[in-house]
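Structure first, commentary second.
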Amino acid sequence: MHKKIKKNRISKLYNVTLSTIKAEAGRLLYFFTKNKKEDIWLIYETATQCQENGYYLFSYIRKFYPEMKVYYVISKDAPEIKKIKKLGNILYYESFKQILYMYKANKIISTHGLWIIPNELGILKKLTRNTLKAKKIMLNHGVGFLKNGKKFYHKSTFDLNNLIIALSDHHKNIFTKEYGYNNNDVIITGYPRFDNMIDQSEKFNNIITFMPTFRDNEDNIGNSFQLTDLFLTIKKIMLDTRLIKFFEKNNITFFIYLHQNIQKYSYMLNEFSSKNIIVAEQGEYNVEYLLKISKCLITDYSSVLFDFVYMQKPFISYQFDLNKFIASRKEKAFLDFKTDLPGYVVNKHSELVEKIILLSKNNFTFIDEHKNKAKVFFKYNDTENSKRVFEVIKNL
């Protein structure tokens, strides 16, 4: 055990030292470069991800402005690397080129913070951070109405604080009134990923998808996951004979897709699967695809509901553990889960079953009441989000 710990420490020190050498060599070359100010944009999500706002903004720019020096930062071993390679202009994370371009960039655009800075020794990482002259833009990842992120995204502490992209006046107010941003720091454009949120449910038989959110006490608990409220709730749905017969009779497929943090527990639900009730696993399915092909979404408190509502489709918020969920969060959400959501709210299993059956009989209609509530969350409902975001960043 001691040898393993020592080996890990040596490996970690080696990696940090290597990162430090590359970062400092890049800084040195940058200082000796005559043309320090170039119109270079770096766009990224996480080290392994290219599937949402960053990816769609980058795709838009590569399609309509291929001459621009706009680059996507991602790890060389990312699962979706082939997808982004097709667009070209990739910078591999912690490569010398990525580090040099990081210094030279005048725009750094991210959905997940400023993680592209190399992990250097001592105060050098802070020095590198201070060397960057780029305007830093936050594209956002989640929607932000359901979870208070003040401790992460407040202007006084968050790195990407030159420009924030918002969805509506209500969304913008959260950043200006709660997170310390000025009015000009937050621009309402819509999210680039919404350009691709186009309903495809008519091409398929009736599909309903259940996407519950992640609860802090569910991660890395092994077989104890089978004792959680979430597991028992899903099991009850999967074994409900009335639902099973209704799905079979009406040719409805019911997908269950766990949050990425607990996807590892998906196999525990497989034994309860049936012909029309399927556990969808990451790799075989992804969130965006399931949202587009589904006629109805069931979630609890997940922000995926906003992507779904953007397509003018109905959803059900199944709040089976609302009081416990709210109590587990130190910061309060920016809406009332019971009254503000642009969808149906149910608390009990029996209510959920009745609502599923009723929605199916009404052809999964998105009613006017929910359409009007949705307008509070979206200023735009079109496919021009990437264009608006691009124009705002270009003029920054």
Side-chain angles (χ1 to χ4, degrees), residues 45-46 49-60 80 111-112 138-147 149 164-168 170-171 174 188-204 207-214 255-261 263 280 282 285-318 333-335 337 340-345 359 364-367 370-389:
E45 294 173 6
T46 69
Q49 182 179 304
C50 52
Q51 62 186 27
E52 49 142 313
N53 290 328
Y55 171 75
Y56 285 106
L57 176 61
F58 183 69
S59 298
Y60 172 84
E80 298 177 300
T111 60
H112 285 78
M138 179 60 168
L139 289 181
N140 284 320
H141 164 59
V143 175
F145 300 113
L146 304 182
K147 189 174 183 180
I164 301 283
I165 300 303
L167 296 170
S168 64
H170 180 38
H171 196 204
I174 292 173
I188 302 170
T189 59
Y191 282 177
R193 73 168 185 261
F194 288 161
D195 288 344
N196 198 50
M197 295 310 297
I198 300 170
D199 182 26
Q200 298 180 11
S201 61
E202 294 302 323
K203 299 178 183 178
F204 299 84
I207 294 174
I208 300 172
T209 298
F210 181 31
M211 288 186 180
T213 194
F214 169 67
F255 284 111
I256 296 165
Y257 189 86
L258 299 183
H259 187 278
Q260 63 177 359
N261 289 7
Q263 270 283 320
Q282 203 170 28
Y285 299 91
N286 65 50
V287 172
E288 182 185 286
Y289 177 71
L290 287 172
L291 292 177
K292 289 196 286 189
I293 68 173
S294 297
K295 289 189 175 176
C296 175
L297 171 72
I298 302 170
T299 183
D300 38 25
Y301 325 102
S302 173
S303 63
V304 294
L305 70 89
F306 293 105
D307 294 64
F308 200 75
V309 167
Y310 192 82
M311 294 182 283
Q312 303 284 289
K313 296 194 288 186
F315 85 94
I316 303 170
S317 176
Y318 183 21
F334 294 111
L335 53 68
F337 285 107
D340 295 342
L341 296 178
Y344 300 97
V345 174
L359 270 173
F364 300 103
T365 302
F366 190 52
I367 63 174
H370 297 159
K371 287 180 182 178
N372 290 331
K373 282 189 175 183
K375 290 176 182 178
V376 174
F377 303 105
F378 304 109
K379 180 176 181 177
Y380 302 103
N381 194 285
D382 56 26
T383 56
E384 300 287 313
N385 299 287
S386 294
K387 181 180 179 181
R388 284 189 290 270
V389 173

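Fair warning: this is a prediction, and the values are worked out from it, not measured in the lab. As a basis for the values below, the full set of heavy atoms in this structure was taken, side chains included, without hydrogen atoms, waters or symmetry mates.
Contact annotation: the side chain of Pro342 approaches that of Phe377 to within less than 4.5 Å [non-hydrogen atoms, C-beta and beyond]. Side-chain contact between Leu305 and Ser317 is absent, with no heavy-atom pair separated by less than 4.5 Å. The shortest distance between side-chain heavy atoms of Leu359 and Ile316 falls below 4.5 Å. For the pair Leu291/Met311, a side-chain contact is recorded, criterion being any heavy-atom separation below 4.5 Å from C-beta on.
Taking CG of Asn140 as the start and CG of Leu167 as the end, the distance is 7.5 Å to the nearest 0.5 Å. Here the OG1 atom belonging to Thr111 is positioned 12.5 Å from the CD1 atom belonging to Ile165, to the nearest 0.5 angstrom. With rounding to the nearest 0.5 angstrom, the CG atom of Leu290 is 12.0 Å from the CD1 atom of Ile256. In this structure, the separation between CD1 on Ile293 and OH on Tyr285 is 7.5 Å, given to the nearest 0.5 Å. Atoms OH and CD, from Tyr60 and Glu384 in turn, are 7.5 Å apart once rounded to the nearest 0.5 Å. Note: Ile298 CD1 to Met211 CE = 11.5 Å, rounded to the nearest 0.5 Å.
Within the structure, every pair that satisfies the salt bridge (Lys or Arg N to Asp or Glu O under 4.0 Å) test and touches residues 294-303, not counting sequence neighbours, is listed here: Arg215-Asp300.
Considering every non-hydrogen atom in both Glu288 and Tyr56, the closest pair reads OE1-OH, 2.8 Å. Of all non-hydrogen atoms in Gln263 and Gln282, the two that sit nearest each other are OE1-N, 2.8 Å. Scanning both residues, Gly190 and Val389, for their nearest heavy atoms gives O-CG2, 3.6 Å. Smallest separation of non-hydrogen atoms from Leu57 and Ser386: CD1-O, 3.9 Å.
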Q: List the steps and the verdict of side chain to side chain contact (heavy atoms under 4.5 Å, CB included) for Tyr191 and Leu139.
A: CA-CA 8 Å; Tyr191 282 177; Leu139 289 181; over 6 Å; no

Q.
ring-ring contact (aromatic ring centres under 6.0 Å, His included) for Phe145 and Phe306? Distances and angles first, verdict last.
A. CA-CA 10 Å; Phe145 300 113; Phe306 293 105; 5.3 Å; yes

Q: Begin from the C-alpha positions of Arg388 and Asp382 and carry the test side chain to side chain contact (heavy atoms under 4.5 Å, CB included) through to its verdict.
A: CA-CA 11 Å; Arg388 284 189 290 270; Asp382 56 26; 2.9 Å; yes

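Taking a 6.0 Å sphere around NZ of Lys387, one finds it holds 12 or fewer heavy atoms contributed by other residues, nucleotides or ligands.
Two rings, from Phe308 and Phe315, have their centers 6.0 Å or more apart.
When the side chain to side chain donor-acceptor pair (under 3.5 Å) test is applied to Gln49, the partners found at least two apart in sequence or on another chain are Glu45, Glu52. By the salt bridge (Lys or Arg N to Asp or Glu O under 4.0 Å) test, Asp195 pairs with no residue at all, sequence neighbours left out.
At a cut-off of 3.5 Å, with distance as the only test, no side-chain donor of Tyr55 or Asn196 sits close to an acceptor on the other residue. If you check the side chains of Gln51 and Asn286, you find no donor sitting under 3.5 Å from an acceptor.
The aromatic rings of Tyr344 and His370 sit perpendicular to each other, their planes meeting at more than 60°, with 30° as the lower class boundary.
Of the options Asp307, Thr365, Asp199, a side chain to side chain donor-acceptor pair (under 3.5 Å) to Lys313 is made by Asp199 and by none of the others.
Although no hydrogens or angles enter the test, the distance criterion places no donor-acceptor pair under 3.5 Å between the side chain of Tyr380 and the main chain of Ser168.
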